[in-house]
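The first residue of the sequence shown is numbered 1, and numbering continues consecutively from there.
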Amino acid sequence: MQEADEQARLGVVLSHHIFELQAVGGISRYIVELDRALKGIGISSTLRRGASRNTSLEHLPRGFADALRARGYPRAVRRRRAERLERRGCTASDVFHASYYDAKLPSNCAAAVTVYDMIHETERLDASERWVVEAKRNWVARADAVFVISDAVRDEVLEILSPPEEKVFVTPLAVRASDAVVAPDDGRPYLLYVGQRHARYKNFIPMVRALADARILGDLKLTCVGGGPFSNEERRAIDGCGVGPHIVQRSASDAELAGLYRHATTTVVPSKREGFGLPVLEAMAAGCPVACSAIPVLREVAGDMAEYFDPSQVTDMAAVIFRAVHDPARRAAMKHGGFVRASSFSWEATARSTAVGYRFAMTRPVSGR
């Protein structure tokens with residue numbers, strides 16, 4: 001009863017910033033699902049859309065930013081006004097939760113931020129992304145609560161950024177079962193790869209080489225969802241391995257993606273680094289066997305319900321993917337066990353662990369920043 005009363009008094013503003021940076025994506029989905037789950041446990045949560053037309057926000061009414069867009073205001077002006085509105089809308093009894101690191105810290109209420117990974121700190125990325133390192137460091141140092149989406153990210157945040165351990169809260173992601181599932185229109189069996197490919201740590205081109213070495217493309221195709229059309233480098237690698245006719249790229253709605261997971265032979269996740277590994281969880285929730293990198297965070301998500309390979313060894317990757325495709329007993333175990341494991345992750349649990357962090361943030365003096 002006391003917890004319910006505290007949650008009824010707690011107000012949360014989820015910022016618009018990630019929706020400005022991506023039209024679709026795992027982080028966008030997390031913020032939308034968190035807003036929905038917070039409301040489900042009785043917390044007054046407000047999700048701001050800002051000047052974004054992110055597809056995850058289609059359920060929200062159009063806001064003032066759309067009126068500014070119609071009147072010809074430039075994007076930068078719309079963003080600044082959205083920023084001011086969000087921070088002005090917070091009171092001393094609210095928590096401002098930054099969805100990404102370009103948000104400005106509020107001066108009139110508690111502040112929280114989610115750290116999704118530490119890849120910017122550990123990988124060589126484009127110069128255009130280097131601002132993230134300093135902005136993230138500032139938020140982690142000054143926020144009243146810091147959320148991380150896995151134990152693996154927590155360990156890296158504590159090691160690299162050294163925040164007080166007590167203000168870091170692990171809030172794992174989840175998946176929501178889709179009632180609308182669109183079956184693939186091609187009857188040919190396929191492997192599935194989901195998400196971005198361009199960064200080196202995603203390990204896409206070595207995966208293509210592994211699939212060529214495993215000699216399973218032909219009987220199967222590889223369907224790549226999201227990430228945009230293949231780059232020239234990717235196309236050269238695909239064609240150079242002689243598997244061009246068997247690899248396709250496409251976009252997909254949530255319902256289409258749910259259908260692709262459900263009917264795939266195996267989902268392959270070859271990344272050398274991840275913050276959580278949402279495609280692993282999404283695949284397991286759909287009853288799809290998984291072959292993935294043997295990195296701590298993916299083991300944290302999948303447990304014993306995936307086949308693991310060394311992402312730096314093409315020969316090991318090829319052997320493990322081949323086994324994941326051709327071992328019927330193991331496939332049956334992964335289908336059933338993966339579904340059970342995925343069901344242990346829920347957005348309600350994410351919301352409840354996040355609410356613990358919000359209550360902690362409210363105990364810290366705003367002037368302390």
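Using a 4.5 Å cut-off on side-chain heavy atoms (C-beta onward), Lys136 and Trp139 make no contact. You'll find the side chain of Ile31 reaches within 4.5 Å of the side chain of Phe19, heavy atoms only. Residues Val301 and Ser150 are not in side-chain contact: their nearest non-hydrogen atoms beyond the backbone lie 4.5 Å or more apart. For the pair Tyr100/Val132, a side-chain contact is recorded, criterion being any heavy-atom separation below 4.5 Å from C-beta on. Counting heavy atoms from C-beta on, the side chains of Val170 and Pro172 come closer than 4.5 Å. Contact of the Val32 side chain with the Arg36 side chain is registered, since non-hydrogen atoms from C-beta on lie closer than 4.5 Å. Residues Leu105 and Asn138 are in side-chain contact: their nearest non-hydrogen atoms beyond the backbone lie under 4.5 Å apart. Between Gln313 and Met317, every side-chain heavy-atom pair lies at or beyond the 4.5 Å cut-off.
Using a 4.0 Å cut-off between charged nitrogen and carboxylate oxygen, Glu123 and Lys272 do not count as a salt-bridge pair. At a threshold of 4.0 Å, the pair Glu121-Arg273 does not count as salt-bridged, since none of the basic side-chain nitrogens sits closer than that to a carboxylate oxygen.
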Show the numbers, then the answer: is there a side-chain contact (heavy atoms from CB on, under 4.5 Å) between Arg250 and Glu256?
CA-CA 11 Å; Arg250 57 166 292 180; Glu256 289 170 331; 3.6 Å; yes
Could you walk me through whether Glu307 and Asp327 pass side-chain contact (heavy atoms from CB on, under 4.5 Å), step by step?
CA-CA 11 Å; Glu307 287 289 308; Asp327 184 339; over 6 Å; no
Apply side-chain contact (heavy atoms from CB on, under 4.5 Å) to the pair Val115 and Tyr101, showing each step before the final yes or no.
CA-CA 9 Å; Val115 176; Tyr101 318 114; 4.0 Å; yes
Can you check side-chain contact (heavy atoms from CB on, under 4.5 Å) on Ile216 and Leu191, steps first, answer last?
CA-CA 10 Å; Ile216 56 177; Leu191 304 173; 3.9 Å; yes
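Closest of all the heavy-atom pairs between Ala174 and Thr350 is CB-OG1, 4.4 Å. Summarising the geometry of Pro279 relative to Val269, their closest heavy-atom pair is CB-CG2, 4.2 Å, with the distance given to 0.1 Å. Of all non-hydrogen atoms in Gly303 and Arg341, the two that sit nearest each other are N-NE, 3.3 Å. Smallest separation of non-hydrogen atoms from Val140 and Pro163: CG1-CB, 3.7 Å. Residue Val268 comes nearest to Met207 through the heavy atom pair CG1-SD, 3.6 Å, listed as atom of the first residue, atom of the second, then distance. Taking both residues in full, the closest heavy atoms of Gln249 and Gly226 are given as NE2-O, 3.2 Å, listed atom of the first, atom of the second, then distance.
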Enumerate donor-acceptor pairs with a distance under 3.5 Å from any side-chain N or O in residues 286-299 to protein atoms, sequence neighbours excluded.
unit_1, atom_1, unit_2, atom_2, d
Ser293, OG, Pro270, O, 2.9
Ser293, OG, Ser271, N, 3.4
Ser293, OG, Ser271, O, 2.7

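Distance check: Leu220 CG to Leu211 CG gives 9.0 Å after rounding to the nearest 0.5 Å. Expressed to the nearest 0.5 Å, how far CE of Met334 lies from CE of Met305 amounts to 8.5 Å. The line from CD1 of Ile27 to CD1 of Ile149 is 7.5 Å long, rounded to the nearest 0.5 Å. Rounding to the nearest 0.5 Å places OH of Tyr116 at 5.5 Å from OH of Tyr30. To the nearest 0.5 Å, atom CZ of residue Arg235 and atom CD1 of residue Ile247 are 8.0 Å apart. Rounding to the nearest 0.5 angstrom, the gap separating the CG atom in Leu173 from the CG atom in Leu34 is 10.0 Å.
In the hydrophobic clustering of ILVMFWY residues, with side-chain heavy atoms under 4.5 Å counting as a link, Val280 and Phe345 come out together. By the criterion of side-chain heavy atoms lying less than 4.5 angstrom apart, applied directly or through intervening Ile, Leu, Val, Met, Phe, Trp or Tyr residues, Val148 is grouped together with Leu158 in one hydrophobic cluster. Both Ile18 and Phe96 belong to a common hydrophobic cluster when Ile, Leu, Val, Met, Phe, Trp and Tyr are linked at side-chain heavy-atom distances under 4.5 angstrom. Tyr193 and Phe276 end up in different hydrophobic clusters when Ile, Leu, Val, Met, Phe, Trp and Tyr side chains are linked at under 4.5 Å. Placement of Leu217 and Val320 within a single hydrophobic cluster is found when ILVMFWY residues are connected by side-chain heavy-atom separations under 4.5 Å, directly or transitively.
Here the side chain of Arg29 pairs no donor or acceptor atom with the backbone of Val175 at under 3.5 angstrom. In this structure, Asp144 contributes its side chain and Ala111 its backbone to a donor-acceptor pair below 3.5 Å. Listed for the Arg330 side chain is a donor-acceptor partner under 3.5 Å among the backbone atoms of Ala306. A distance-only check finds a donor-acceptor pair linking the side chain of Glu300 to the backbone of Asp151 [under 3.5 Å]. Within the 3.5 Å criterion, the main-chain N or O of Asp102 finds no donor-acceptor partner in the side chain of Trp131. Without hydrogens or angle criteria, Lys167 side chain to Ala141 main chain gives a donor-acceptor distance under 3.5 Å. A distance-only check finds a donor-acceptor pair linking the side chain of Asp316 to the backbone of Asp310 [under 3.5 Å].
Counting only residues at least two apart or in different chains, side chain to side chain donor-acceptor pair (under 3.5 Å) contacts with residues 201-215 comprise Lys202-Glu274.
Taking Phe169 as the reference, Phe360 meet the ring-ring contact (aromatic ring centres under 6.0 Å, His included) condition, with sequence neighbours excluded. His326 pairs by the ring-ring contact (aromatic ring centres under 6.0 Å, His included) definition with Phe322, not counting sequence neighbours. By the ring-ring contact (aromatic ring centres under 6.0 Å, His included) test, Tyr358 is found to be paired with His97, Phe147, residues two or more places apart in sequence or in another chain being considered.
Within 6.0 Å of atom CD in Glu165, 12 or fewer heavy atoms from other residues, nucleotides or ligands are found, so the atom counts as exposed in its surroundings. Counted within 6.0 Å of OH on Tyr308, heavy atoms from surrounding residues, nucleotides or ligands total more than 12; the atom is thus considered enclosed.
In the model, Thr265 has no side-chain atom that pairs as donor or acceptor with a side-chain atom of Arg331 under 3.5 Å. One side chain, Ser15 or Ser99, offers a donor N or O that lies under 3.5 Å from an acceptor on the other.
Apart from Leu260 itself, the hydrophobic cluster it occupies contains Tyr190, Leu192, Val194, Val225, Leu257, Tyr261, where clustering links Ile, Leu, Val, Met, Phe, Trp and Tyr at side-chain heavy-atom distances under 4.5 Å.
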